[in-house]
Amino acid sequence: MPELPEVETVKIGLAKLLPGKTIKNVTWDWLKSFPNSQADTDSFLIGAKIVLVKRRAKVLLIELSSKYSLVIHLKMTGQLVFVGRERFGAGHPSESLIGHLPDKSTRVTLELNEGKLFFNDQRKFGWMRLIPTAEVPSIDFFKKIGPEPLAASFGAKAFAARLKKRPNSSVKTVLLDQSIIAGVGNIYADESLWGAKIHPLTPVRDLSTQKINNLFEELQYVLRLSIEKGGSTDRNYVNAEGKKGSYMSFARVFRREGQPCPRCGSTIIKIRVAGRGTHLCPKCQRLKS
DNA sequence: CACTTGACCTGTCCGC
DNA sequence: TGCGGACAGGTCAAGT
C-alpha cells in the first residue's frame, strides 16, 4: 500500500484505537513477517501496554510500556487493521473486510485486552519487529532515511539542497530515494511531477530554482490532500478500521494512461523510470522546454 | 561511485 | 478454461 499518506492515515486511526490497551497474546504464521525471538516476545510484548503510536517515513511505531516498540513496515501490500470485540459478533456486514479477519493474508495477530490487531500482508514483503525504543532511531532503516517532507522545519531551500545531492539522476529517481526525502513513493512522485510540469526523466541539474520550488509545493499539496482523503486505495490498502482511501479518484495521472490530461486534454502515457511504471502528460511534461 | 537489475512473494489481468 | 508472462503502492543486494 503505503506511501506517507497511507501510513499516516493508519497512524491516525491506530492512535485513536490502541493507546491504553494491553497485549495479551501474539501469533504469527510467517517468520519473515515477525522476525523476533520468543524470549523477547514473552518478556517485552506479552503483558505490555500500548503507550503511543507514531510514524516516521513509511514506518509505523507502536511504543509499549515495556520500553520496547513494534516497528512496522507495510511495504507493498501490508495492512494493520484493528477489530474491536464488538465486531466479532454475528450480524456484521459480510462485505466488510473486518468481518473476514483473520484471512489467508494475515501474518501476525495481536490479541489485546479489548479487540485484536491484524497485520495482513499478501506479498509478505512487510515486517513487524520488536525493538528497544531507545534503539529504534539507530536501526539500519532509519539511519539512512531523509527528512519528513511535511515537517514544519523543512522548506523549499532544504528540499532543493537535498535534491541537488544527486545532480545527474532523474528527478523521479531522486524523489523515490528515501535517503533524500522520506515517504514519497510511486503515486505521489508521479502526481507531484505532473503538478509541477516536470518530466520524470529530467536530470536534477536541469531543474531551475523555480521548478524545484514548484515541485516542493506540489509534493506537499498532494501529500496533504491524500492524507485528507484517507490515502490511495489502488488494490489492497485499507486504514486501521479496514476502510479504503479515496485519493485515487483525485489522481491526475497515476494509473490514468490513455485518459485525457485534466490540464491540457492530451492523452496520458505510461513509461518506465527507475524500474517503476511512470505516468505523465507528454505535452505538459516535456524533457526539454 | 552511480545506476540498473534481480530478488523477495502472492495475486490478478491480459493475450494466446 | 488453461497457461505463460507482465505487472503491482517498497526496499535490498548484487551486478555493471
Side-chain angles (χ1 to χ4, degrees), chain A residues 1-11 28-35 55-60 71-80 97 100 103-108 119-129 139-146 163-193 200-205 219 222-223 225-227 229-239 244-251 253-258 270-279:
Chain A
M1 61 175 202
E3 304 181 32
L4 187 155
E6 289 74 33
V7 182
E8 179 67 15
T9 301
V10 174
K11 185 216 79 180
W28 63 98
D29 79 336
W30 187 253
L31 192 57
K32 290 178 180 176
S33 296
F34 192 74
R55 177 192 62 77
R56 170 78 173 104
K58 297 173 188 170
V59 167
L60 283 157
V71 182
I72 304 152
H73 201 311
L74 301 169
K75 290 287 180 82
M76 299 282 263
T77 57
Q79 306 174 331
L80 216 45
L97 167 71
H100 299 149
D103 65 19
K104 66 176 172 180
S105 77
T106 300
R107 307 300 168 206
V108 186
F119 174 34
N120 305 323
D121 185 16
Q122 178 187 99
R123 292 178 73 181
K124 300 179 174 176
F125 292 167
W127 42 261
M128 174 183 287
R129 285 156 59 189
I139 67 172
D140 285 348
F141 183 86
F142 283 128
K143 269 194 298 196
K144 53 182 171 14
I145 220 77
L163 285 192
K164 286 174 180 174
K165 293 173 76 163
R166 303 278 301 282
N168 299 316
S169 298
S170 71
V171 60
K172 176 162 177 178
T173 302
V174 180
L175 281 176
L176 292 175
D177 185 336
Q178 301 299 295
S179 72
I180 301 293
I181 307 291
V184 183
N186 211 30
I187 299 174
Y188 306 104
D190 284 4
E191 289 288 294
S192 59
L193 288 165
L201 286 172
T202 310
V204 167
R205 69 174 122 74
L219 180 61
V222 294
L223 294 175
L225 175 63
S226 185
I227 292 169
K229 301 301 176 189
S232 297
T233 296
D234 192 34
R235 311 183 132 88
N236 297 274
Y237 168 72
V238 293
N239 68 13
K244 298 177 176 187
S246 67
Y247 178 85
M248 286 299 280
S249 58
F250 297 85
V253 285
F254 189 78
R255 295 280 164 80
R256 293 194 183 277
E257 61 270 31
K270 183 175 179 183
I271 63 173
R272 196 150 274 270
V273 177
R276 316 296 302 278
T278 297
H279 314 76

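Heavy-atom basis, side chains included; hydrogens, waters and symmetry copies ignored. Naming: A, B, ... by sequence-line order, numbering from 1 per chain.
A:Pro203 meets the side-chain contact (heavy atoms from CB on, under 4.5 Å) test with A:Arg205, A:Asp206; sequence neighbours excluded. By the side chain to side chain donor-acceptor pair (under 3.5 Å) test, A:Arg256 is found to be paired with A:Gln259, residues two or more places apart in sequence or in another chain being considered. Remark: A:Lys32 engages A:Trp30 in a side-chain contact (heavy atoms from CB on, under 4.5 Å) (not counting sequence neighbours). A:Phe125 meets the ring pair (Phe, Tyr, Trp, His ring centres under 6.0 Å) test with no other residue; sequence neighbours excluded. Contacts of A:Phe119 classified as ring pair (Phe, Tyr, Trp, His ring centres under 6.0 Å), with partners at least two apart in sequence or in another chain: none. A:Lys244 pairs by the side chain to side chain donor-acceptor pair (under 3.5 Å) definition with nothing, not counting sequence neighbours. By the side chain to side chain donor-acceptor pair (under 3.5 Å) test, A:Arg276 is found to be paired with no residue, residues two or more places apart in sequence or in another chain being considered.
Positionally, the nearest nucleotide of DNA chain C for A:Arg272 lies more toward the 5' end than for the other of A:Phe141 and A:Arg272. Judged by closest nucleotide on DNA chain B, A:Phe125 is the one of A:Phe125 and A:Lys104 placed further toward the 5' end.
Atom name P, nucleotides B:dT5 and C:dA6: the rounded distance is 14 Å, in whole Å. Between B:dC8 and C:dC3, the two C1' atoms lie 24 Å apart (nearest whole Å). Comparing B:dT10 with C:dT1, their P atoms sit 26 Å apart, to the nearest whole Å. Taking the P atom of each, C:dG2 and B:dC9 are spaced 27 Å apart, rounded to whole Å. Using atom C1' as the reference point in both C:dG9 and B:dA2, the two lie 25 Å apart (nearest Å).
A straight line from NZ of A:Lys144 to P of C:dC12 spans 4 Å, rounded to a whole angstrom. In this structure, A:Asp121 atom CG and C:dG9 atom C1' are separated by 12 Å, rounded to whole Å. Whole-Å rounding puts the A:Gln79 CD to C:dG9 C1' distance at 12 Å. Distance CZ (A:Arg56) to P (C:dG10): 17 Å, rounded to an integer number of Å. Straight-line distance from the CZ atom of A:Arg123 to the C1' atom of C:dA8: 5 Å, rounded to whole Å.
Within the 4.0 angstrom heavy-atom criterion, only backbone atoms of the sugar-phosphate kind lie near A:Gly277; the bases stay farther away. Across all strands shown, A:Lys165 has no heavy atoms under 4.0 Å from either base or sugar-phosphate atoms. Looking at heavy-atom distances under 4.0 Å, A:Trp30 makes contact with sugar-phosphate atoms alone, never a base.
A 4.0 Å heavy-atom criterion places the boundary nucleotides of DNA chain B facing chain A at B:dC3 to B:dG11, written 5' to 3'.
Side-chain N/O atoms of A:Lys58 include one lying less than 4.0 angstrom from OP1 or OP2 on C:dT11. Residue A:His73 places no side-chain N or O under 4.0 Å from the OP1 or OP2 atom of C:dG10.
Taking the six-membered ring for Trp and thresholds of 30 and 60 degrees, A:His73 and A:Phe141 have ring planes more than 60 degrees apart, a perpendicular arrangement.
Taking a 4.0 Å limit (strictly below) on heavy-atom distances, residues 166-185 of chain A reaches DNA chain C at A:Gln178, A:Gly185.
For the side chain to side chain contact (heavy atoms under 4.5 Å, CB included) test with A:Glu3, the passing option among A:Ile187, A:Leu176, A:Leu74 is A:Ile187; the others fail.
Using modelled atom types, one finds a donor on one side chain and an acceptor on the other under 3.5 Å when comparing A:Thr106 with A:Asn120. In this structure, a donor-acceptor pair under 3.5 Å is absent between the side chains of A:Thr9 and A:Asn239.
Remark: ring of A:Tyr237 not stacked against base of C:dG9; the cut-offs of centroid gap under 5.5 Å and plane tilt under 30° are not jointly satisfied.
Within the 4.5 Å cutoff, the side chain of A:Phe254 has no heavy atoms near those of the A:Tyr247 side chain. Taking 4.5 Å as the limit, every side-chain heavy atom of A:Leu193 sits out of range of all side-chain heavy atoms of A:Thr202.
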Using nucleotides 13-16 of chain C, report all nitrogen or oxygen pairs with the protein that are shorter than 3.5 Å.
none

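In this structure, A:Lys124 does not pair ionically with A:Asp121, as no charged nitrogen and carboxylate oxygen lie closer than 4.0 Å.
Within the structure, salt bridge (Lys or Arg N to Asp or Glu O under 4.0 Å) pairs that include any residue of residues 179-192 of chain A comprise A:Lys172-A:Asp190, A:Glu191-A:Arg252 (at least two apart or interchain).
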**Item:** Dot-bracket encoding of pairs in DNA chain B, which uses [ ] for pseudoknotted crossings and | for another strand, Watson-Crick or G-U under 3.5 angstrom
**Value:** .|||||||.|||||||
